[in-house]
Enquirer: 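The structure that follows is given in the form of structure tokens.
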Number of protein chains: 2
Amino acid sequence: MLKNLPIGTQTDVLIEPRTFFNEKELKEILKKCGLKITKQRVAVLKVLSSGPRYHKTAKDILEEVKKNFPNIGFATIYRLLKRLSQAQMILEISMGAGSSCYELKTKQQSHYHIACLNCGKIIEFKNKMIETTLEKIVLEKNYTLKNQVVEIYVNCDSCKNQ
Amino acid sequence: MLKNLPIGTQTDVLIEPRTFFNEKELKEILKKCGLKITKQRVAVLKVLSSGPRYHKTAKDILEEVKKNFPNIGFATIYRLLKRLSQAQMILEISMGAGSSCYELKTKQQSHYHIACLNCGKIIEFKNKMIETTLEKIVLEKNYTLKNQVVEIYVNCDSCKNQ
DNA sequence: ATAAAAATGAAAATCAAATTCATTTAAAAT
DNA sequence: ATTTTAAATGAATTTGATTTTCATTTTTAT
Ligand SMILES: [Mn+2]
Ligand SMILES: [Mn+2]
Ligand SMILES: [Zn+2]
Ligand SMILES: [Zn+2]
């Protein structure tokens, strides 16, 4: 049966296991972004650095953080996500309709995404050749690269066979 | 002075000149999509196939079509855009915040986009190698390719030097 | 502890896009 | 050409994600 779930609702397929951050490290992240350390912000970051889904919507985060901070609202979540994005600390990906997903950046930079249009699963992949090619294109045109996005939309193998 | 205009507000830089369609051809497009031919729809398609900007928002289209059909509203525009998208006749691109841009597809398929984050200019480019690589990645994983998106975000040369 | 600056959360505002529904129109069938 | 029927239109409303406002609270530097 076809489900057509929103993208980012299924367990991710990652390139490699994510790095977990402890509370001290999460606070460092906030410091590095020039943000004050609050319990709500640490809680949001803790959610972002825990699996098995590392691509989370604001709603995902809100629901998780609400368990410890029942009064937190979207305002706090979206405000922090915006600032972390501006500080390049998280990546915002908006594949298809609906809400954006956010993920904490790790060292293994610049990976790309495959999304199954049917089950909403996100599969990460890396390709040094594409990365270099894009950098070269930008360099040739004398532009300054700010960000590169590569997205493939598919029907994954399990969805293909109904 | 930095302007930070929304993406898709400046004259496009195209790979090659666009094919223009006459009224007869535009009607053919509608027929091919299984849609009834109405004056409003032909007018929307006419706007989509005219430059110098080929990446247009629903608002852009509305304003243009309103000149001949003062009573047309967003409902008609969005409804048609949705159906043309589903029929793969137009491409919807959503780069950054704000509204999506839509462009009529041409024969020279599968091109990619560079957007200047400052002036909002869209520059098209093609890269057969990336295209093939993405197809190969999908094939290897035994998925069915539905769509591929490659976007580069930059500061263009004129914006770089203030 | 105090003061200044920043963050929070409830509520409202914004904005793009989709939907509803009464009316009109296109095109297929007579 | 007229009738029929299914589809399209447009005004208004709704939806859903994200942002903003503002009174109150919290953080951090002194
Ligand atoms: Mn990812
Ligand atoms: Mn284009
Ligand atoms: Zn799937
Ligand atoms: Zn520019």
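All heavy atoms count here, side chains included; hydrogens, waters and symmetry mates do not. Chain naming here is simple, since letters A, B, ... match the order of the sequence lines and numbering starts at 1 in each.
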Enquirer: Would you say B/Lys160 and A/Asn142 are linked by a side-chain donor-acceptor pair, where the criterion is simply a distance under 3.5 Å?
Expert: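 Judged by distance alone, the side chains do pair up.
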Enquirer: Between B/Ser99 and A/Ile72, which residue's closest nucleotide on DNA chain C lies nearer the 5′ terminus?
Expert: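 Looking at DNA chain C, the more 5' nearest nucleotide goes with A/Ile72.
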Enquirer: Looking at five pairs on each end of the helix from C/dA1-D/dT30 to C/dT30-D/dA1, what is the angle between the two axes, given to 10 degrees?
Expert: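 End-to-end axis angle: 40°.
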Enquirer: Under 4.0 Å from any heavy atom of chain B: name the first and the last nucleotide of DNA chain D that qualifies, 5' to 3'.
Expert: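 Result: D/dA6 to D/dA11.
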Enquirer: Determine the contact category for A/Ser100: base if any of its heavy atoms lies under 4.0 Å from a base atom, sugar-phosphate if only primed atoms, P, OP1 or OP2 are that close, otherwise nothing.
Expert: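 A/Ser100: backbone/sugar contact only, no base atoms under 4.0 Å.
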Enquirer: When you match B/Lys36 and B/Gly73 each to their closest nucleotide on DNA chain D, which lands nearer the 5' end?
Expert: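 The residue mapped nearer the 5' terminus is B/Lys36.
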Enquirer: For A/Lys59, does the NZ atom sit with more than 12 other heavy atoms under 6.0 Å from it, leaving out its own atoms?
Expert: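 Count not over threshold, so no.
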Enquirer: So, is A/Arg83 near the phosphate of C/dA7, with a side-chain N or O under 4.0 Å from OP1 or OP2?
Expert: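 Checking A/Arg83 against C/dA7: at least one side-chain N or O falls below 4.0 Å of OP1 or OP2.
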Enquirer: Relative to the 5' end of DNA chain C, which residue comes earlier, A/Leu35 or A/Lys66, by the nucleotide with the nearest heavy atom?
Expert: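 Upstream on the strand: A/Leu35.
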Enquirer: Give B/Leu80 one of three labels, base, sugar-phosphate or nothing, depending on what nucleic acid heavy atoms sit under 4.0 Å from its own.
Expert: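 Nothing, no heavy atom under 4.0 Å.
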Enquirer: Apply the side-chain hydrogen bond (donor to acceptor under 3.5 Å, both in side chains) test between B/His111 and each candidate in B/Glu131, B/Glu16, B/Lys105, B/Glu124; give the one that qualifies.
Expert: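 Single side-chain hydrogen bond (donor to acceptor under 3.5 Å, both in side chains) partner of B/His111 among B/Glu131, B/Glu16, B/Lys105, B/Glu124: B/Glu124.
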Enquirer: May I have the distance from B/Lys59 (atom NZ) to C/dC15 (atom P), rounded to whole angstrom?
Expert: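 Distance check: B/Lys59 NZ to C/dC15 P gives 10 Å.
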Enquirer: Drop me the distance from B/Asp12's CG to B/Glu103's CD, to the nearest 0.5 angstrom.
Expert: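 Separation between the atoms: 8.0 Å.
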Enquirer: Closest approach to the side chain of B/Tyr78, judged atom by atom: which nucleotide of C/dA18, C/dA27, C/dT20 is it?
Expert: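 Side chain of B/Tyr78 sits closest to C/dA18.
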Enquirer: Determine the contact category for B/Arg79: base if any of its heavy atoms lies under 4.0 Å from a base atom, sugar-phosphate if only primed atoms, P, OP1 or OP2 are that close, otherwise nothing.
Expert: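 Base contact - B/Arg79 has a heavy atom under 4.0 Å of at least one base atom.
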Enquirer: Side chains of B/Leu134 and B/Val150, heavy atoms from C-beta outward: is any pair under 4.5 Å?
Expert: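 The answer is yes; the side chains approach within 4.5 Å.
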Enquirer: Do the non-hydrogen side-chain atoms of A/Leu48 and A/Leu81 ever get within less than 4.5 Å of each other?
Expert: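 Yes, their side chains come closer than 4.5 Å.
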Enquirer: Salt bridge check: are B/Lys136 and B/Glu140 linked by an N-O gap of less than 4.0 Å?
Expert: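 Salt bridge between B/Lys136 and B/Glu140, a charged N being under 4.0 Å from a carboxylate O: no.
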Enquirer: So what does A/Lys82 touch, heavy atoms closer than 4.0 Å: a base, only the sugar-phosphate, or nothing?
Expert: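 Sugar-phosphate contact only - A/Lys82 comes under 4.0 Å of backbone atoms but never of a base.
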Enquirer: Under 4.0 Å between a side-chain nitrogen and a carboxylate oxygen: does that hold for B/Glu63 and B/Lys66?
Expert: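 Here B/Glu63 does not pair with B/Lys66 in a salt bridge, since their nearest N and O are not under 4.0 Å apart.
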Enquirer: Kindly determine whether A/Arg53 and A/Glu64 satisfy salt bridge (charged side-chain N to carboxylate O under 4.0 Å, His left out), including the steps that lead there.
Expert: CA-CA 12 Å; A/Arg53 273 179 46 221; A/Glu64 192 65 24; over 6 Å; no
Enquirer: Figure out the CD1/C1' separation between B/Ile77 and C/dA17, and round it to whole Å.
Expert: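 Computing the B/Ile77:CD1 to C/dA17:C1' distance gives 13 Å.
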Enquirer: Starting at CZ of A/Phe74 and ending at C1' of C/dA12, how long is that distance when rounded to a whole Å?
Expert: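 For the pair A/Phe74 CZ and C/dA12 C1', the rounded distance is 15 Å.
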Enquirer: Would you indicate, yes or no, if C/dG9 has its OP1 or OP2 atom less than 4.0 angstrom from a side-chain nitrogen or oxygen of A/Gln40?
Expert: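 Affirmative; the distance criterion is met.
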Enquirer: What is the distance, to the nearest angstrom, from the CG atom on A/Leu45 to the P atom on C/dA7?
Expert: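 One finds 13 Å between P of C/dA7 and CG of A/Leu45, rounded.
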